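Remarks on the structure that follows.
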Amino acid sequence: MTDAHHAARREAVRETLRLEGKGAFVLLVRSVANVRYLTGFTGDSTALLLTDDRAIAVSDGRYTEQLARECPDVEPHIRPVGQPLMAGLGEVLSKLDPGPCAFEAAHLSVSEFDELRQAAGAQEFRPVAGWVERRRMIKDAGEIATIRAAIEIAEQAYRGVRVWLAAQSNPTEKELAEELEFAMRRLGSTAPPFPPIVAAGPNAALPHYRPDSAIACFDSDFLLIDWGATCAGYASDLTRMTTFQGKVSEKFASAYRAVLKAQERAIAAIRPGRLASEINREARAALEEDGLADAFTHGLGHGIGLEIHEQPFLGRMPDVPLQAGMVITIEPGIYLPGWGGIRIEDDLLVTESGAELLTQEPRELNASALDHTY
């Protein structure tokens, strides 16, 4: 990504400031992901002040050199050792031309806001929401290519781990999760966007389960594996079920086919202009036909990019129309306490004519079965 790309993004947000700022002369960007999107800076503990003609990164001495390297077209303000970020922001704001300051309300705590107001003196503040996130929803060609690379890393690691798993005696959930994360790192991923989920049998009924070092994988009939890689800051997010030869029960097969049908129906319904909630309803209607709608306890999917969960969200609220360039997950799941859960998750690009499936790992039931030795 070039400095020109980031400058164009900042100019687009400045236009929002002019049109929606209600007289505000500066926007305070506090979200780490939004700062990165607008500047290219990959560190933390830094906020961006965006005026009509200036972009000021308020940071600390740890990042002096990094700011100069990653975003040379942004003015750095390095606060002295011991000065909190909010105090540094207040100091800079007090020296700028007087006028209201718009700030990202979702990314500033109450205590931070109180500290900022005290440091800025008579500054007027106006809360805003979603100004940068709305633009992040639509990925450009470079972002899409990077997400594709993150998906390829994740899928290649998963295929390798299935080979590893088949050769093990009886690894634990935690051992499998660690091997999967290590495999992604070897292939070029930085820290994964979330800790891999490996849930055996009944544990798969917990959608955000954490792998246990005392639970052996082969003691159950199936595993739920939810994982993703990070490439140049952009995330991928997939879920697959792993079964074992000779252990696929009719209950599992029936439930798996129902979840897959729900996912396929949702994917087929994707096209620009349709509301995210409508795609969610398509999946739920499919599960209702099999008497499983009540077991689907979360939204159908979400956007991915610089964050693992970002707009748009394919649930009941908030609702947005889909647009070409969005990259989203479709991940219906059912969760039956005491038995387990099934989730199938793929990453898709919304196109002018529908959706492109970015993930390639097979989803058919027979693709989940794994030969293994004890």
Side-chain angles (χ1 to χ4, degrees), residues 197-209 220-228 237-243 247-271 273-304 308-309 311-322 326-350 354-359 361-369:
I197 298 171
V198 175
N203 295 332
L206 285 68
H208 281 185
Y209 175 77
S220 298
D221 292 349
F222 56 87
L223 303 172
L224 183 152
I225 303 176
D226 187 343
W227 81 105
D237 192 4
L238 303 86
T239 306
R240 288 293 185 269
M241 304 300 302
T242 294
T243 59
K247 285 190 170 185
V248 180
S249 68
E250 181 52 40
K251 181 176 183 178
F252 179 91
S254 176
Y256 188 94
R257 285 191 289 266
V259 174
L260 182 58
K261 180 180 72 173
Q263 191 199 41
E264 290 176 337
R265 187 174 298 182
I267 292 172
I270 293 172
R271 62 179 179 274
R274 293 209 67 179
L275 296 177
S277 61
E278 293 179 317
I279 311 304
N280 179 57
R281 285 197 294 271
E282 290 284 352
R284 292 185 184 278
L287 287 170
E288 182 70 40
E289 295 170 2
D290 293 290
L292 292 169
D294 291 342
F296 182 19
T297 56
H298 54 73
L300 177 63
H302 52 85
I304 56 173
I308 190 60
H309 296 117
Q311 297 185 33
F313 294 98
L314 284 79
R316 296 181 174 90
M317 295 178 65
D319 207 3
V320 298
L322 297 181
M326 290 179 171
V327 180
I328 59 176
T329 69
I330 297 294
E331 49 177 305
I334 60 166
Y335 309 96
L336 305 173
W339 178 78
I342 295 173
R343 182 166 65 251
I344 307 170
E345 179 180 19
D346 287 279
D347 303 338
L348 301 101
L349 170 65
V350 180
E356 177 189 349
L357 188 64
L358 300 179
T359 40
E361 191 61 29
R363 294 174 290 156
E364 295 77 13
L365 178 58
N366 59 5
S368 71

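None of the values given here were measured: they were computed from a predicted structure.
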Between atom [atom1] of [X] and atom [atom2] of [Y], what is the distance when rounded to the nearest 0.5 Å?
X      : Y      : atom1 : atom2 : answer
Leu287 : Leu292 : CG    : CG    : 6.0 Å
Asp346 : Ile267 : CG    : CD1   : 6.0 Å
Asn280 : Ile330 : CG    : CD1   : 9.0 Å
Leu238 : Leu358 : CG    : CG    : 10.0 Å

Mind checking whether [X] and [Y] have side chains closer than 4.5 Å, heavy atoms only?
X      : Y      : value
Asp347 : Ile328 : no
Trp227 : Ile197 : no
Ile344 : Glu264 : no
Leu322 : Ile270 : yes
Glu289 : Lys261 : yes
Gln263 : Leu260 : yes
Tyr256 : Met241 : yes

Taking only residues two or more places apart in sequence, or in another chain, which ones meet Asp237 in a salt bridge (charged side-chain N to carboxylate O under 4.0 Å, His left out)?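 If we apply the salt bridge (charged side-chain N to carboxylate O under 4.0 Å, His left out) test to Asp237, skipping adjacent residues, there are no hits.
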According to salt bridge (charged side-chain N to carboxylate O under 4.0 Å, His left out), who are the partners of Glu250, at least two apart in sequence or on a separate chain?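 For Glu250 the salt bridge (charged side-chain N to carboxylate O under 4.0 Å, His left out) partners, ignoring immediate neighbours, are Arg257.
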Would you confirm whether [X], through its side chain, and [Y], through its main-chain N or O, come within 3.5 Å as a donor-acceptor pair?
X      : Y      : result
Arg240 : Glu345 : yes
Arg284 : Phe296 : yes
His302 : Ile308 : yes

If you take all heavy atoms of [X] and [Y], which pair is closest and at what distance?
X      : Y      : answer
Ala262 : Ala286 : CA-CB, 3.7 Å
Ala266 : Ile279 : O-CG2, 3.6 Å
Val259 : Pro332 : CG1-O, 3.4 Å
Leu336 : Ala205 : O-CB, 3.8 Å
Leu224 : Ala204 : CB-CB, 3.9 Å
Asp319 : Ala276 : OD1-N, 3.4 Å

Could you check whether the rings of Trp339 and Phe252 sit parallel, tilted or perpendicular, using 30° and 60° as the cut-offs?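 Because their plane-to-plane angle lies in the 30° to 60° range, the rings of Trp339 and Phe252 count as tilted.
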Suppose we screen for side chain to side chain contact (heavy atoms under 4.5 Å, CB included). Which residues come up paired with [X], at least two apart in sequence or across chains?
X      : answer
Arg271 : Arg274
Arg281 : Ser277, Glu278
Ser368 : Thr243, Leu365

Suppose we screen for ring-ring contact (aromatic ring centres under 6.0 Å, His included). Which residues come up paired with Tyr335, at least two apart in sequence or across chains?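 Scan of Tyr335 (ring-ring contact (aromatic ring centres under 6.0 Å, His included), adjacent residues dropped) gives His298.
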Between the side chains of Glu331 and Thr329, is a donor N or O closer than 3.5 angstrom to an acceptor N or O?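 Side-chain D/A pair, Glu331 to Thr329: present.
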